[in-house]
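To start, the structure under review is shown below, and the notes come after it.
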Amino acid sequence: FATQSKVCGSNHIAYSNCHGHEVFFINGELKEKESFCKALHSLEVNDCTFENSLGSSCSGLDLDLSLADSPLKPERSLLQKEVREESTSHDPSQDTSKEKKDDDPETLSPIYKSGIGAAGVLVICCTFLCPCLYKKKKATPSTVLEKDPKSTDSISPFNVNSSSEKVPASPLRVPPSPSRLYQSPKLRRLESVHLNLSQVARATNNFSPSLKIGEGGFGTVYKAELDDGQVVAIKRAKKEHFAKLRTEFSSEVELLAKIDHRNLVKLLGYVDKGNERLIITEYVPNGTLREHLDVQRGKILDFNQRLEISIDVAHGLTYLHLYAEKQIIHRDVKSSNILLTESMRAKVADFGFARIGPVDSDLTHISTKVKGTVGYLDPEYMRTYQLTPKSDVYSFGILLLEILTGRRPVELRKPADERVTLRWVFKKYNEGNVVDMVDPLMEENVNTEILYSLFTLAIQCAAPIRSDRPSMKAVVEQLWGIRADYLKGVRKG
Ligand SMILES: Nc1ncnc2c1ncn2[C@@H]1O[C@H](COP(=O)(O)OP(=O)(O)OP(=O)(O)O)[C@@H](O)[C@H]1O
């Protein structure tokens, strides 16, 4: 597996070779080899060379090097200005309408428009790297993506290393119902979030492998019991990613320390000393959503559980977007970051990529590096580097499809035309075939209208243009409505 990329002026070119399967990418779009090589030649003429496998991959092609159909962008300074990292800017509504005009034929219905575009863009996002990434899931950290608009480095931007029960006083308060009576165990915040290293060493038996519960791109996770008997999860940064992780960990710590919601994993403490970065969070005992979808935890998730998990995740994200002290954008919503309790309530975990949203209420986005996981990444954010809460909505849409179908965002074992879940869903949806898409492991017969509403919602969330996506709050409200209809049907029998 080889991935290379380079930013040449305002153009971002990338190449990946996975077991001989080559993928070419220019400015966020998947390209044919010939068109890619043409672009490469024109960049080389301008002294921006791309070496090794990428260059040799183009050799032997008989190229007509006229630049008339070059996919490269000419306005270098303009683009660079726009993607200035960490700056905030007003949303140019003109931009949005332009994108709409480009992407959406007037004659198509919103869903159709969204779906087609989303499918297309997702193919770009997913097919580019996933074939390799999914295979290597835990062996390498590269399921997580980072794309820096400013980088002139010839190393891939896809080289990321890795990867109290207060309900907000808001209209989102959930009326008591049997399914929501669950309260996770009361967790006391540690007296000081700064633990000392010896406390942690004691709690983890000096990071004993027997206490290891998981491994992510950023580090290893241990289960531990603190001196006061409290059971916690401790994430220990891998040393090789240490320098890079400094900011990630401090961002996670700062953000987590402020939030308190039953659908978000709580920060209890951290250690930031010498050569150690450790994050101590509440321990969530029942594995990840992905493990449950893969039936690695014994039981198959039934429809009601899937619906409740979707609602829990939507609650957690709505809290981050609307009710936290500062708006927080998670940026890495995915099934392996959803942890489940014993009573199958869901909690969103892993705030390593989280960012505070635009501080000024007049601002609609922040311009920043692209970070997230391939397959869940908002295509508009990838293209423009503009981050908004709608990027989480996009990832939630992909997650909802995952929950309904059981499929990963990209399913490598499926035939080529079924591989990208969003595209496959959209095709089936247009054929009116929602029942066929439901996870075959789930044996219940769920009312077609309910399924249709859920797939419609997921496709809307995964619209290619953020203005076509609902807010998380609207998603929650729609999910409540769907749940009410579902429960009515169940009561009627
Ligand atoms: N608070 C927690 N409670 C219980 N288990 C946890 C907790 N946090 C993480 N884990 C376990 O550790 C595993 C690794 O978590 P981690 O967040 O490091 O990686 P990831 O999200 O799977 O991958 P990446 O960080 O690369 O995206 C999880 O899949 C989960 O099984």
Side-chain angles (χ1 to χ4, degrees), residues 28 83 85-88 121-122 125-126 129 133 141-149 157-163 216-218 235 241 244-245 247-256 258-259 261 263-265 267 279 281 288-289 313-314 316-322 324 326-339 347-359 363-400 402 409 461-462 466 469 471-472 475:
V83 299
E85 194 200 347
E86 310 301 322
S87 68
T88 53
V121 180
L122 191 78
C125 300
C126 298
L129 283 174
L133 300 181
S142 44
T143 43
V144 186
L145 186 148
E146 178 179 10
K147 188 177 161 203
D148 182 351
F158 302 96
N159 63 348
V160 180
N161 309 308
S162 13
S163 154
F218 286 115
K235 194 191 258 190
H241 303 309
K244 198 163 185 129
L245 285 172
T247 45
E248 302 301 346
F249 266 60
S250 62
S251 118
E252 180 160 8
V253 163
E254 291 301 318
L255 291 163
L256 273 171
K258 289 178 185 150
I259 56 177
H261 187 276
N263 300 120
L264 301 170
V265 171
L267 170 73
I279 293 195
T281 58
T288 68
L289 171 59
V313 175
L317 293 177
T318 305
Y319 182 84
L320 291 179
H321 293 176
L322 278 185
K326 287 182 183 159
Q327 180 179 66
I328 294 169
I329 304 168
H330 185 281
R331 285 208 289 184
D332 205 14
V333 175
K334 58 178 176 180
S335 55
S336 62
N337 278 343
I338 308 302
L339 300 178
K347 289 173 186 268
V348 180
D350 202 346
F351 286 69
F353 285 168
R355 281 293 311 262
I356 295 178
V359 179
L363 303 174
T364 55
H365 66 265
I366 50 175
S367 294
T368 186
K369 281 181 191 177
V370 174
K371 289 190 184 186
T373 299
V374 173
Y376 296 88
L377 254 166
D378 169 8
E380 191 176 5
Y381 170 39
M382 276 190 87
R383 206 175 57 243
T384 63
Y385 301 95
Q386 293 179 353
L387 178 68
T388 76
K390 293 286 184 79
S391 293
D392 284 348
V393 176
Y394 182 90
S395 310
F396 179 83
I398 303 298
L399 180 81
L400 187 53
E402 207 175 340
C461 290
R466 63 174 181 250
R469 298 174 205 148
S471 66
M472 264 337 291
V475 170

(request) List the steps, then state whether side-chain contact (heavy atoms from CB on, under 4.5 Å) holds for Val313 with Asn263. (result) CA-CA 7 Å; Val313 175; Asn263 300 120; over 6 Å; no
(message) I need the minimum non-hydrogen distance between Gln327 and Pro389, along with the two atoms involved.
(response) NE2-CG, 3.1 Å
(message) For a quick test of reading the model, state the closest non-hydrogen atom pair linking Val475 to Ala314 and the distance between them.
(response) CG1-CB, 4.4 Å
(message) Would you compute the distance between atom OG of Ser395 and atom CG of Leu317 and round it to the nearest 0.5 angstrom?
(response) 8.5 Å
(request) Under the side-chain hydrogen bond (donor to acceptor under 3.5 Å, both in side chains) rule, collect the residues that match up with Thr388, sequence neighbours excluded. (result) none
(message) To the nearest 0.5 Å, what is the distance between OH on Tyr394 and CE on Met382?
(response) 9.5 Å
(request) For Leu387 and Lys371, run side-chain contact (heavy atoms from CB on, under 4.5 Å): C-alpha distance rounded to whole Å, both residues' side-chain angles, the deciding distance at 0.1 Å, then the answer. (result) CA-CA 10 Å; Leu387 178 68; Lys371 289 190 184 186; over 6 Å; no
(message) Is it true that Gln386 and Ser367 share a donor-acceptor pair across their side chains at a distance under 3.5 Å?
(response) no
(request) Indicate yes or no: does Lys235 engage Asp350 in a salt bridge with an N to O separation below 4.0 Å. (result) yes
(request) Return yes if a side-chain donor-acceptor contact under 3.5 Å exists between Glu402 and Tyr376, otherwise no. (result) yes
(request) For residues Lys334 and Leu399, report the shortest heavy-atom separation together with the two atoms involved. (result) C-CD1, 3.7 Å
(request) Going by the side-chain contact (heavy atoms from CB on, under 4.5 Å) test, name the single residue among Asp332, Leu320, Thr281, Asn337 that passes it with Phe351. (result) Leu320
(message) Would you compute the distance between atom SG of Cys461 and atom CD1 of Ile398 and round it to the nearest 0.5 angstrom?
(response) 9.5 Å
(message) Side chains of Thr368 and Arg355 only: does a donor on one sit below 3.5 Å from an acceptor on the other?
(response) yes
(request) Quick one: pull up OG in Ser335 and CG in Leu289 and give me the separation to the nearest 0.5 Å. (result) 5.5 Å
(request) Tell me, please, which residues at least two apart from Thr288 pass side-chain contact (heavy atoms from CB on, under 4.5 Å). (result) Arg290, Glu291, Leu339
(message) With a 6.0 Å cut-off on the ring centroids, do Phe353 and His330 count as close?
(response) no
(request) Give the minimum heavy-atom separation between Ala324 and Ile259, together with the two atoms involved. (result) CB-CG2, 4.0 Å
(message) Could you report the tightest heavy-atom contact between Gly357 and Ile366, atom names first, then the distance?
(response) C-CG2, 4.3 Å
(request) Could you tell me whether a side-chain N or O of Lys390 sits under 3.5 Å from a main-chain N or O of Arg469, the two making a donor and an acceptor? (result) yes
(request) For residues Asp392 and Arg331, report the shortest heavy-atom separation together with the two atoms involved. (result) OD1-N, 2.9 Å
(request) Side-chain contact test, heavy atoms from C-beta onward, threshold under 4.5 Å: evaluate it for Met472 versus Phe396 and give yes or no. (result) yes
